[in-house]
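Notes for the one structure printed next.
For the numbers below, each heavy atom of this structure counts, side chains included, while hydrogens, waters and symmetry mates do not. Each chain gets a letter, A, B and so on, in the order its sequence line appears, and its residues count up from 1.
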Amino acid sequence: SFLWCLCTYFLAFNFPLLWEEERYTDGVKWKFLEHKGPVFAPPYEPLPSRVKFYYDGKPMKLSPEAEEVATFFAKMLDHEYTTKDIFRKNFFKDWRKEMTAEEKATITDLKKCNFTEMSEYFKAQSEARKAMSKEEKQKIKEENERILQKYGFCIMDNHKERIANFRIEPPGLFRGRGDHPKMGMLKRRIRPQDIIINCSKDSKYPEPPPGTKWKEVRHDNKVTWLVSWTENIQGSIKYIMLNPSSRIKGEKDWQKYETARRLKKCVDRIRAQYREDWKSKEMRVRQRAVALYFIDKLALRAGNEKEEGETADTVGCCSLRVEHINLYPENEGQEFVVEFDFLGKDSIRYYNKVPVEKRVFKNLQLFMENKEPDDDLFDRLNTSILNKHLQELMDGLTAKVFRTYNASITLQQQLKELTTADENIPAKILSYNRANRAVAILCNHQRAPPKTFEKSMQNLQAKIDAKKDQLSDAKRELKSAKADAKVRKDEKTKKAVETKRKAVQRIEEQLMKLEVQATDREENKQIALGTSKLNYLDPRISVAWCKKWGIPIEKIYNKTQREKFAWAIDMADEDYEF
DNA sequence: CATAAAACTTAGGATCCTCGCA
DNA sequence: TGCGAGGATCCTAAGTTTTATG
């Protein structure tokens with residue numbers, strides 16, 4: 001059936017007769033790759049001379065280089081972080097590097113810099129953009145479309161594929177997430193001589209802009225990227241790659257869920273194993289087993305070590321520190337409670353109180369003995385040790401497979417539990433969203449409550465109230481029509497009763513729809529569903545659910561998502577089981 | 001082996017765009 | 001027919017895993 005799937009899959013992607021040779025071995029990702037290269041950020045446009053920068057109260061004309069960096073700061077003036085010490089310090093240091101000797105000599109204190117005119121100018125610009133005529137907006141749209149058509153696609157092995165991010169990131173001030181030590185640093189402009197092009201030897205190479213050269217053109221078909229450059233904040237490499245709808249990404253995504261399904265088959269054995277390991281006489285084995293238990297039970301991330309001072313202080317499972325957990329032998333009527341409180345990926349807080357097995361609890365006490373708060377909880381463990389162990393338990397098993405597995409299996413279970421046959425479509429979709437929500441909570445996918453949340457909730461409530469009034473009016477009218485019909489007994493009044501009855505029914509439906517919507521929205525206040533839907537939930541579960549209950553797939557997946565999951569929509573029938 | 005670099009996936013917020021409603 | 005809410009899309013940072021290096 002694996003081969004059958006593979007076959008169906010390639011047919012879905014129009015791979016006539018090719019699929020056997022398309023299954024490259026030894027890491028070959030493609031045989032032919034042709035593209036037009038990246039789109040660079042537009043060049044800097046100096047400010048009109050009437051827009052002034054003031055230093056210490058006096059107007060000062062800046063060199064174009066210094067002015068450009070100043071505009072980056074001016075554009076952020078309304079953000080809170082321009083008031084943060086680290087941001088200001090980093091910005092000022094990098095800004096000074098762009099100044100002429102004279103500017104450097106004059107501008108020595110950021111507090112004496114006045115960017116307000118620049119800031120006002122950009123606000124006015126953005127207003128003007130909003131106020132543009134239809135024709136002007138249309139023209140811009142057409143230009144964007146032209147660029148998309150030219151640069152947004154590539155040819156990979158006989159297929160025209162959409163590129164994900166064909167535009168080079170423009171220069172600006174770096175703003176990491178959370179308490180980032182590098183916030184405010186200058187992210188420099190990327191030039192053609194910074195760019196490495198990857199394409200096939202026998203393709204038409206992309207042209208660098210006139211008068212420039214690429215850093216390198218290479219032909220590495222063991223990787224999937226088309227363009228790369230080194231970014232100056234962390235010194236890491238950035239890539240241009242294909243869209244999720246592409247064959248190369250879709251196949252990888254499918255493979256990911258197949259690995260998670262293989263874990264399903266052996267997860268009982270693995271769980272038994274780590275429970276056994278809680279008793280091991282070797283400390284490293286116990287630590288490994290407790291960490292794995294957390295990763296499995298709580299869907300924690302692996303938690304690689306990070307270089308101190310280079311990024312925000314965040315952790316995952318293996319990098320948890322003593323200060324991130326509290327142990328309660330007894331708490332709110334439960335025994336052996338562990339309280340987690342730490343910042344995870346993107347500095348999103350993870351807070352959870354969970355009762356654990358006594359053995360886990362005792363182990364944690366042991367791991368914490370004679371340690372300072374900032375010592376590692378699992379001092380004999382890191383992600384590479386853990387993943388090596390997992391690899392021995394199952395081919396292709398790594399820590400993140402547990403997140404995928406637990407997310408997908410939770411969706412499947414919840415859908416089974418929450419969906420009832422007699423509900424209408426909106427109610428079924430609410431059930432779907434609730435199942436999705438259970439996963440988002442498991443994976444701790446949070447969002448900031450939308451700024452307009454309270455207001456929009458009030459609006460919705462007002463609508464509901466209005467609908468209720470409308471309903472009682474309609475009911476009253478129905479009642480009087482009925483009374484009328486009883487007296488008159490003619491066709492006309494009979495018909496009127498039917499009309500009124502229909503009206504009541506329609507309004508009741510509308511009311512219910514609104515109420516469902518309100519519930520859904522309220523429950524979703526701080527939870528982001530998108531991330532799990534896009535990255536953790538085997539789409540075939542959703543496709544099967546839609547088929548089973550006659551829900552149009554568009555109700556669950558928008559256009560982009562349908563493109564990304566085309567493979568699953570084609571592959572899964574209503575009996576699909578994860 | 002340990003470590004660093006490279007490759008690739010996952011993530012939340014900003015911005016753009018559309019659609020329903022007053 | 002203009003407006004605002006909310007979804008779609010864009011953006012790019014921040015993770016994990018794989019591969020290269022010494």
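- Residues A/Gln255 and A/Glu251 bring no donor and acceptor atom of their side chains to less than 3.5 Å of each other.
- Across all strands, A/Tyr239 comes closer than 4.0 Å to base atoms (heavy-atom distances).
- Comparing B/dG12, B/dA7, B/dA11 by their closest approach to the side chain of A/Lys345 singles out B/dA11.
- Annotation: of the two residues near DNA chain C, A/Gln391 and A/Gln561, the 5′-most nearest-nucleotide partner is A/Gln561.
- Between A/Cys317 and A/Arg162, it is A/Arg162 whose nearest contact on DNA chain C lies nearer the 5' terminus.
- Contacts between residues 187-196 of chain A and DNA chain C, counted as heavy-atom distances below 4.0 Å, involve A/Lys187.
- Distance from the side chain of A/Thr398 is smallest to C/dT17 among C/dT12, B/dC8, C/dT17.
- Note: CG (A/Leu537) to P (B/dT10) measures 11 Å, nearest angstrom.
- Open room surrounds CG on A/Asp85; 12 or fewer heavy atoms of other groups in view lie less than 6.0 Å from it.
- The aromatic ring centroids of A/His35 and A/Phe166 lie 6.0 Å or more from each other.
- At whole-Å resolution of the value, CG in A/Asn444 and P in C/dG15 are 13 Å apart.
- Nearest nucleotide to the A/Lys252 side chain, out of B/dC8, B/dG12, C/dT16: B/dC8.
- If you check every strand for non-hydrogen atoms under 4.0 Å, A/Asn558 touches sugar and phosphate atoms only.
- One can place CG of A/Leu529 at 13 Å from C1' of B/dG12, the figure rounded to the nearest angstrom.
- Under a 3.5 Å cut-off, the side chain of A/Lys84 and the backbone N or O of A/Asp179 do not form any donor-acceptor pair.
- Among the heavy atoms of the strands lying under 4.0 Å from A/Thr224 are primed sugar atoms or P, OP1, OP2 only; no base atom is included.
- Between A/Asp157 and the options A/Lys29, A/Arg247, A/Lys31, a salt bridge (Lys or Arg N to Asp or Glu O under 4.0 Å) holds for only A/Arg247.
- Counting non-hydrogen atoms under 4.0 angstrom, A/Thr314 reaches the backbone sugars and phosphates but no base.
- Distances were taken from every side-chain heavy atom of A/Val223 (C-beta onward) to each of B/dT10, C/dT12, B/dC8; the shortest belongs to B/dC8.
- Side-chain N or O atoms of A/Asp94 include one that pairs as donor or acceptor with a backbone N or O of A/Leu186 at under 3.5 Å.
- Contacts of A/Gly316 with the nucleic acid, taken as non-hydrogen atoms under 4.0 Å apart, are absent.
- Of the two residues near DNA chain B, A/Met241 and A/Lys388, the one whose nearest nucleotide lies more 5' is A/Lys388.
- Here the nucleotide nearest the side chain of A/Ala302, chosen from C/dT17, B/dA6, C/dA14, is C/dT17.
- At a threshold of 4.0 angstrom between heavy atoms, the contacts of A/Gly303 are confined to the sugar-phosphate backbone, with no base atom among them.
- Legend: residues meeting side chain to side chain contact (heavy atoms under 4.5 Å, CB included) with A/Lys238, ordered by chain and number and at least two apart, are A/Glu169, A/Trp229, A/Glu231.
- Within the nucleic acid shown, A/Asn387 comes within 4.0 Å of sugar-phosphate atoms alone, with no base atom in reach, counting heavy atoms only.
- A/Tyr432 and A/Ser542 are linked by a side-chain donor-acceptor pair at a separation below 3.5 angstrom, with hydrogens and angles left out of the test.
- For A/Lys400 against C/dT17, no side-chain N or O and base N or O form a donor-acceptor pair under 3.5 Å.
- A/Lys29 comes within contact range of the sugar-phosphate backbone alone, with a heavy-atom separation under 4.0 Å but no base atom that close.
- Side chain of A/Asp341 to main chain of A/Tyr351: no donor-acceptor pair is present (N/O by atom type, distance under 3.5 Å, no hydrogens or angles).
- A donor atom on one side chain and an acceptor atom on the other are found under 3.5 Å apart for A/Gln287 and A/Asp379.
- Rounded to whole Å, atom P of B/dA5 lies 17 Å from atom NZ of A/Lys238.
- The NZ atom of A/Lys256 sits 11 Å away from the C1' atom of B/dC8 (whole-angstrom rounding).
- One can place NE2 of A/His180 at 5 Å from P of C/dA14, the figure rounded to the nearest angstrom.
- Of the possible donor and acceptor atoms, none in the side chain of A/Glu161 sits under 3.5 Å from a partner among the backbone N and O of A/Phe153.
- In summary, the aromatic rings of A/Tyr81 and A/Phe87 are positioned with their centroids under 6.0 Å apart.
- As judged by a 4.0 angstrom heavy-atom cut-off over every strand, A/Pro244 is placed among residues making no nucleic acid contact.
- Contact between the side-chain N/O atoms of A/Ser236 and the OP1/OP2 oxygens of B/dA6 is not found at any separation under 4.0 Å.
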What protein N or O atoms touch nucleotides 13-20 of chain B N or O atoms at under 3.5 angstrom, if any, and at what distances?
residue	atom	partner	partner atom	Å
B/dG13	OP2	A/Ala448	N	3.3

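- Residue A/Asn304 has a polar side-chain atom (N or O) positioned under 4.0 Å from OP1 or OP2 of C/dT16.
- The side chain of A/Arg403 places an N or O atom within less than 4.0 Å of a non-bridging phosphate oxygen (OP1 or OP2) of B/dA11.
- Of the candidate nucleotides B/dA7, C/dT12, C/dT17, C/dT12 has the atom lying nearest to any side-chain atom of A/Glu169.
- Rounded to a whole Å, the CD1 atom of A/Ile237 is 16 Å from the C1' atom of C/dG15.
- Computed from coordinates, the A/Lys533 NZ to B/dA11 P distance equals 16 Å when rounded to whole Å.
- Here B/dA11 is the nucleotide among B/dT9, B/dA11, C/dG15 with the atom lying nearest to any side-chain atom of A/His445.
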